[in-house]
Amino acid sequence: MASSSASQPSRHPTSKGVVGSQSTPTPTLKVANAPRELEREPLVLNNRSIGWITNAIAGVCENPMPMWWWPAFILSFGGMMTMFSLIAYLVSTGVGVWGLNQPAAWAWDITNFVFWIGIGHAGTLISAVLFLLRQKWRTSVNRAAEAMTIFAVACAGIFPVFHTGRVWFALLPGYLIPFPNANEIWPQFRSPLLWDVFAVSTYGTVSLLFWYVGLIPDLATLRDRAKGFMRRFFYGLFSLGWTGSNRHWSNYEKAYLLLAGLSTPLVLSVHSIVSFDFAVSVVPGWHTTIFPPYFVAGAIFSGFGMVLTLLIPLRSLFKLHDIITLRHVELMCKVLLATGSIVGYAYGMEFFIAWYGGSPYELYAFKNRAFGPYWWSYWAMISCNVISPHFFWFKKLRVSVVFVWIVSIFVNIGMWFERFVIIVTSLHRDYLPSSWGYFTPTWVDVMTFAGSFGLFMTLFLLFIRFLPVIAISEVKGVTPQADPHHPLGGAKEHH
Amino acid sequence: MSALSLKTYGMLAEFGTPADIFEAAMRCRDAGFSKWDVYTPFPIHGMDEAMGLRKSPVGWFTFCGGFTGFFSGMTMIWYMNGFDYPLVVGGKPLFTPLYAFPVSYELTILLSAFGTLFGMFFLNRLPKFYNPLFKNLRFRKATDDRYFIVIESADPKFSVEATRAFLTDSCHATAVELVED
């Protein structure tokens, strides 16, 4: 908690009624208790002052990183470099280094793509949807969750781009990006695969903008506390000269609200369009109308799994228990329970419609999922996704952080298997038994996917190192100390 | 007096709590100042009314961005698949807004977001890397846990003595000082 305020007390004489910058709760003020039925756990525990919040959060990226950070970073960085090397191998050799081939021409690549893009959805849900719903608890977790979104979208983008093999055709004009080219060919806009290009790139861009807008006031806080030249320069550059002017806040809050309002239909459309990649085709097991809502619920489910996987260690390693409280963990478990139940319902309904719809191909596809050669992946998915969220009916389990963390890992595993089941089991046996096959990943498949976690964690560890992991100004704004009409905000009795 | 005001950016007043600055902002508004501002580490609820600000016009930039996005998406797809290189797929019409909708929808959101962001920057005149307030050490707490009002010397009602007295006595600032330009 190295703070500039501690070294310059003389310039800031604490006067009467000031909520001090030190970590002292205000002892003189008596706050009338709400009736018991209206009582809520506070969002920031222990009555922390505004200055304490600055010190606690900014301290994380100002102080030297703890010892565990370096081995974690080196491991992640190694994973990332492994992935990049294997991508170089793929590009120079050909897409055959991956195990996919007819009939399963989509396999781990698209599984990984949908897995990563789904992870991102929790970040946008927390930052945008919960903002519109005025769920103030989001302020403690939205920054890290939004960072997770952006890093997950970065990981997701790699797989569809490189599964095209001759990647220069995918990126250069002609196939994906509409751009005048020598062949005078334009992309085919009836294809959901092209919709996906626009959906995912818009999603990545808007998530980045939203994250950056949220960061500006906090970067200004870091700028004003910065000791070294480099920090002052870069935080100063990226905070754009933010002063905290209320004329600025007025436009800023409106812009933030609008971005939240834009991100909400965006996040729902992105995974709907990802599901169109499958649902618009005529493959049994894919051609179903339940896909868009089922995919969106699954995405939020997996994303909250990843948020919990990341934030539970983060809050204990950096002692942020007063800001990311047990109540936050508990609320996120409830989201897991709700979305996990929707996912479980969708699994059941898919089977029901396969039978009720009367199409023998559809019915076969589903029987084959559960009892065919990939039965193990189906039951791995069911046990992780259908059973694990239902532990969270019990409050005791929702507030046991170690248990929640373990379940969140199972959610991540289960949601990866869900995409694998949908993609590979539907493709490997199509209409013609003579072309049936069995997909097995190669070592390049496995190591590229493992390496994408390296990329994700490298970015996340750098985020912890250089940026405030919690939205400082937003957390301040939801405390009673920030309310001019609350006694803790300095309001006099007559208010 | 005039020589002094040339070098002076304004009068800086510090407050300790949101309630104090809220009241002070209402007094400044009622005193009829025009070139003044409140600086807080987080947006204070109701401060726009306390300062007498009009509603933020950012939404117009969002609307223009979204409008441009939707119609440029539709036009682009009509031009590419229906006009410049007519592409027959499944015997369907060369262009309908239905298949063009998902991409136009995403472009609506994308350009709305850009409109919002750059509209906000434009209205706030950001980035602005030089600000006389940055030279004031006390002001560094404006992004931490202190609350400030600055009345600029360019304000017609500004006078060093009277404004200082106003901020100290009527607004109950905990500290008042001149900021050099």
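If you're wondering where the values come from, they're calculated on a predicted model, not measured in any experiment. Residue numbers start from 1 in every chain, and the chains themselves are labelled A, B, ... in the order their sequence lines are given, proteins ahead of strands.
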Atom [atom1] in [X], atom [atom2] in [Y]: separation rounded to 0.5 Å?
| X | Y | atom1 | atom2 | answer |
| --- | --- | --- | --- | --- |
| Y99(B) | L194(A) | OH | CG | 11.0 Å |
| T17(B) | I50(A) | OG1 | CD1 | 10.5 Å |
| S104(B) | F189(A) | OG | CZ | 8.5 Å |
| S269(A) | F101(B) | OG | CZ | 9.5 Å |
| R190(A) | T96(B) | CZ | OG1 | 7.0 Å |
| M120(B) | K254(A) | CE | NZ | 13.0 Å |

With only heavy atoms counted, which part of [X] is less than 4.5 Å from chain A, the side chain, the backbone, both or neither?
| X | value |
| --- | --- |
| M51(B) | side chain |
| N81(B) | side chain |
| K92(B) | both |
| L87(B) | both |
| L123(B) | both |

Could you name the residues of residues 124-133 of chain B that have a heavy atom within less than 4.5 Å of a heavy atom in chain A?
N124(B), L126(B), P127(B), K128(B), F129(B), N131(B)
With a 4.5 Å cut-off on heavy-atom pairs, point out which of [options] contacts chain A the most.
| options | value |
| --- | --- |
| D37(B), L110(B), T108(B) | D37(B) |
| I21(B), L98(B), D84(B) | D84(B) |
| Y79(B), F121(B), F61(B) | F121(B) |
| F22(B), F42(B), Y85(B) | F42(B) |

State whether the side chain of [X] and the backbone N or O of [Y] hold a donor-acceptor pair below 3.5 Å, judged by distance alone.
| X | Y | answer |
| --- | --- | --- |
| Y105(B) | A199(A) | no |
| W186(A) | P86(B) | no |
| R247(A) | W36(B) | yes |
| K476(A) | D144(B) | yes |

Side chains of [X] and [Y], heavy atoms from C-beta outward: is any pair under 4.5 Å?
| X | Y | value |
| --- | --- | --- |
| P102(B) | D196(A) | no |
| L262(A) | T62(B) | yes |
| F134(B) | T243(A) | yes |
| D145(B) | Q481(A) | no |
| M47(B) | W249(A) | no |
| H45(B) | H485(A) | no |

Is [X] in contact with chain B via its backbone, its side chain, both, or neither, using a 4.5 Å heavy-atom distance?
| X | result |
| --- | --- |
| T205(A) | side chain |
| Q188(A) | both |
| L237(A) | both |
| Y212(A) | side chain |
| P192(A) | neither |

Stepwise, does the side-chain contact (heavy atoms from CB on, under 4.5 Å) test hold for T143(B) with R225(A)?
CA-CA 9 Å; T143(B) 54; R225(A) 294 164 57 94; over 6 Å; no
Search all heavy atoms of [X] against all heavy atoms of [Y] and return the closest pair with its distance.
| X | Y | result |
| --- | --- | --- |
| S56(B) | N251(A) | OG-OD1, 2.7 Å |
| P18(B) | G489(A) | CD-O, 3.3 Å |
| A19(B) | P484(A) | CB-O, 3.4 Å |

Decide if atom NZ of K35(B) counts as having more than 12 heavy atoms of other residues, nucleotides or ligands within a radius under 6.0 Å.
no
Among the options T54(A), V197(A), I53(A), T221(A), pick out the one with the most heavy-atom pairs lying under 4.5 Å from chain B.
T221(A)
Highest number of heavy-atom pairs under 4.5 Å with chain B: which of P217(A), S245(A), S272(A)?
S245(A)
